[in-house]
Amino acid sequence: PAFGLFLFTIARDPLRIIILIAGAFFWLVSLLLSSLIWFIAVKASDPQDERLQKGLLIFGVMFSVLLQEAFRFLYYKLLRKAIEGLVALSEDGCSPISIQQMAYVAGLGFGLMSGAFSMINLLADALGPGTVGIHGDSQLYFLTSAFMTMVLIFLHTFWGILFFHGCEHRRWWEIAAVVIMHLTVSGSSFCNPLYVGSLVPSYLLMAASATWAYLLSGGSAQNLQRFLLCKC
Amino acid sequence: MITFMNNSDSEEEPCNERTSLMSAESPPVPSYQDGLQASEAGEAQAHRKRRAGSNRGPNNITGGETSGSGVPVRERALENEEEELTLKYGAKHVIMLFVPVTLCMIVVVATIKSVRFYTEKNGQLIYTPFSEDTPSVGQRLLNSVLNTIIMISVIIVMTVFLVLLYKYRCYKFIHGWLILSSLMLLFLFTYIYLGEVLKTYNVAMDYPTLFIVIWNFGAVGMICIHWKGPLQLQQAYLIMISALMALVFIKYLPEWSAWVILGAISIYDLMAVLCPKGPLRMLVETAQERNEPIFPALIYSSAMMWTVGMAKPDTAARGTSQQTWDAAEDGREHLRSPSHAESQMSETRSPVPTRPVTALEELEEEERGVKLGLGDFIFYSVLVGKAAATASGDWNTTLACFVAILIGLCLTLLLLAVFKKALPALPISITFGLIFYFSTDNLVRPFMDTLASHQLYI
């Protein structure tokens, strides 16, 4: 689905592609920094202590989430500057791309990159021979991973919209809500392999973010009805 | 495979030389600029006939020929509009470059992942005589540094040689050399590549069929690259030969040497293009002074001028050097990827110097494109291919390098738009790529692996 989103909405406009790739780049840099921190922490600690390792892992995940949001903020700043530049350069005084579109594209960029990093090795291994969950792990590993990745990609997209909207209108509570949601989703993934604990809340949160983002972008129930009933 | 290596050596010589030269002469920005300015001017005054001239005017005062006089004035008036259009077209041109670079990388990565041949170590090139099979780390490092020094000096020598040849107008020699090397690439490497792919997928093919296929492929390729042909076909051929060249490099360069060479070549590129005495820069300047196109088949151009109605055969020739030279002339504006000047400077530019009036009619149609040297393609693909081949985190690392290179390309094009002169395309992208490769491989991979094993998501 994310790839479909890409094809339909982004592939037409070159500017959006650039913003998408730049968004992916920012996510990558945040991942890099967070894994650097985690790596240092792991190296500095005792590799035999299981609990400590798990604790460090949790710490790493949380830190990574915070860093991702920080980079989202940085990316927002960069895009603000870019919009000003584009407006100054354009002929009729308005930029060819609005901040909401940028928010959507940036969120999608983040999401695609995070999804790609989560899934791609799995996919490569899935092509090869093997049995899922042979060591007593869940047999639904691939399926749940796929669903989790998809929900995460969508969440990133919606969070992008919410986040940028919050930054635009200086509503700090929106930004805080995004951060808290992100932490919750990552935290819920700690319940794995008890998938009920992680997938269900994530999907619920995604539905909530989706409606919130939709409302923020100017949609409403009437629009939705009109769109679904008559395609004009 | 002594003969193969020799062939590849000679093959590589021209390639290296060309690419290095091209780097010098093909500042990526100029062509881009030219295109932009030309298009902007055109947009501003669609009915104006002096478009080409005016575009060139302000930028290339020395090179301005026919339309130089009246143009500068109008130029200045247009400059603001051109500036505005610059960024607007910027995104489009960036995408026009993203697509071929991505395609090339995809081809290389797909081949590396599937065909075993290119990851086996079957010997080394004559350019990298020192082996890396040494027991100690220090020795290995030393060997790779020595390999790099040899390779870079070979490239420098080739570049200087080509520049001298160009200066002293030994065109026939240069053309013959280019034709020979592209012949070798198209036929020999394709034959080997096809053989390996067929072996991997266990498909049998008899010799007559193979002969016909390769003959057609090679012949059409030669015509497309060196003479006329549809733009997309030419672009496809250039992408394919870049991919083939990159695969050869990946196979025959030892591990550490490859990384050190990548680093060294981006530094070399930076110096060769930006230093006043750099060979590539001299090549571009000479080309501009003489109003001649840069060598064909060394540059990838994203747009061509459709001077179909024109009587001038030069302008009609696409990839050929004539075009490139014209483009080069059109100015420093053509800052097309310095790494390989081959890119044909906007062909539109070419006709402009000679026949501003007639050329302009055709100019309406065409799109200014950006030119990127083929060497850039090759080295980007080498980086990504090596990441795919040797990284243990496999796809994550490859993906990270891919994004890094694209962002580097974006930044380079942005700088091109800002500076309006030839810029090297290699340094920024390769630096980002190297940083991301090493950090992803060593830092991110354990993190992601641990996360995946616990099925945690960040």
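For the numbers below, each heavy atom of this structure counts, side chains included, while hydrogens, waters and symmetry mates do not. Keep in mind that what you see is a predicted model, and the values were worked out from it rather than measured.
- Considering CD1 of A/I21 and OG1 of B/T102, their distance stands at 7.0 Å, rounded to 0.5 Å.
- Considering only heavy atoms from C-beta on, A/F25 stays 4.5 Å or farther from B/L406 through its side chain.
- The CZ atom of A/F26 lies 8.0 Å from the CD1 atom of B/I407; values are rounded to the nearest 0.5 Å.
- With rounding to the nearest 0.5 angstrom, the OG atom of B/S439 is 8.0 Å from the CG atom of A/L28.
- The shortest side-chain heavy-atom distance between B/V444 and A/F39 does not fall under the 4.5 Å cut-off.
- Contact detail for B/C410 and A/I18: the closest heavy-atom pair is SG-CG2, 3.6 Å.
- Note that the CG atom of B/L443 and the CD1 atom of A/I40 stand 8.0 Å from one another [nearest 0.5 Å].
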